[in-house]
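Dumping the structure here so I can ask a few things about it.
Hydrogens, waters and symmetry mates are skipped; everything else that's a heavy atom, side chains included, is used. Nothing here was measured: the structure is a model prediction, and the numbers come from that model. This chain uses plain numbering: 1 for the first residue, then up along the sequence.
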Amino acid sequence: LQELPELHLRERDSELDRVVLHGQLTDEATRGEVVAELKRVVRFLVSSTFTDTVEERNLLFADVMPLVQSYARNLRLDVSMVEMRWG
């Protein structure tokens, strides 16, 4: 087995976390700090019963996610959605 790389974790900045989670990457300093992170992966979990949100899920995957992924690529982010029907 291949040895896993060592992780170097830094202290969490709760204000930066709040700004990022609210999508407020409007100032250069915040965007620069986020882009400089070694890991630039964002994953969304879509979860509910399989029958109550079929149309909404299909819309998310067919229309919304391609736009979000395109926008995220400009910020050098990898965005994906995890959906329980497909894993």
Side-chain angles (χ1 to χ4, degrees):
L1 291 175
Q2 201 177 78
E3 189 174 320
L4 296 175
E6 185 177 339
L7 293 177
H8 300 282
L9 301 176
R10 65 178 175 86
E11 291 285 322
R12 299 296 308 179
D13 179 343
S14 60
E15 178 59 20
L16 178 62
D17 291 347
R18 186 193 66 74
V19 168
V20 169
L21 290 172
H22 284 93
Q24 299 169 339
L25 299 174
T26 54
D27 70 83
E28 287 297 319
T30 301
R31 191 169 32 252
E33 188 169 343
V34 170
V35 170
E37 286 285 327
L38 184 58
K39 301 290 184 192
R40 293 182 298 272
V41 177
V42 179
R43 289 192 179 99
F44 295 95
L45 172 64
V46 179
S47 178
S48 68
T49 64
F50 293 142
T51 58
D52 68 344
T53 58
V54 172
E55 295 299 319
E56 291 87 346
R57 287 170 185 250
N58 292 341
L59 179 70
L60 278 172
F61 280 95
D63 294 337
V64 176
M65 274 309 291
L67 292 173
V68 171
Q69 289 170 326
S70 177
Y71 179 79
R73 274 192 295 275
N74 292 329
L75 299 173
R76 297 186 333 186
L77 295 170
D78 177 24
V79 176
S80 62
M81 246 185 205
V82 177
E83 208 277 340
M84 298 310 292
R85 291 182 294 182
W86 302 306

**Complete:** Applying side-chain contact (heavy atoms from CB on, under 4.5 Å) to Tyr71 and not counting sequence neighbours gives Leu75

**Item:** CG on Leu60 to CE on Met81, rounded to 0.5 Å
**Value:** 4.5 Å

**Residues in salt bridge (charged side-chain N to carboxylate O under 4.0 Å, His left out) contact with Asp63, at least two apart in sequence or another chain** = none

**By salt bridge (charged side-chain N to carboxylate O under 4.0 Å, His left out) - contacts of Arg43 (at least two apart)** = none

**Hphob cluster co-occupancy, Phe44 + Val64, side-chain heavy atoms under 4.5 angstrom** = yes

**Message:** Applying side-chain hydrogen bond (donor to acceptor under 3.5 Å, both in side chains), can you list everything that pairs with Asn74, at least two apart in sequence or on another chain?
**Reply:** none

**Complete:** Residues passing the side-chain contact (heavy atoms from CB on, under 4.5 Å) test with Gln24, sequence neighbours excluded, are Arg18, Val19, His22

**Message:** To check you understand the geometry: which heavy-atom pair defines the closest contact between Val79 and Ala72, and what is its length?
**Reply:** CG2-CB, 3.3 Å

**Asked** Looking at residues at least two apart in the chain, or sitting in another chain, which of them share a side-chain contact (heavy atoms from CB on, under 4.5 Å) with Asp13?
**Response** Glu15, Leu16

**Message:** Going by side-chain contact (heavy atoms from CB on, under 4.5 Å), name the residues that satisfy it together with Leu21, two or more places apart in sequence or in a different chain.
**Reply:** none

**Asked** Considering residues at least two apart in sequence or located in another chain, which fulfil the salt bridge (charged side-chain N to carboxylate O under 4.0 Å, His left out) criterion with Glu28?
**Response** Arg31

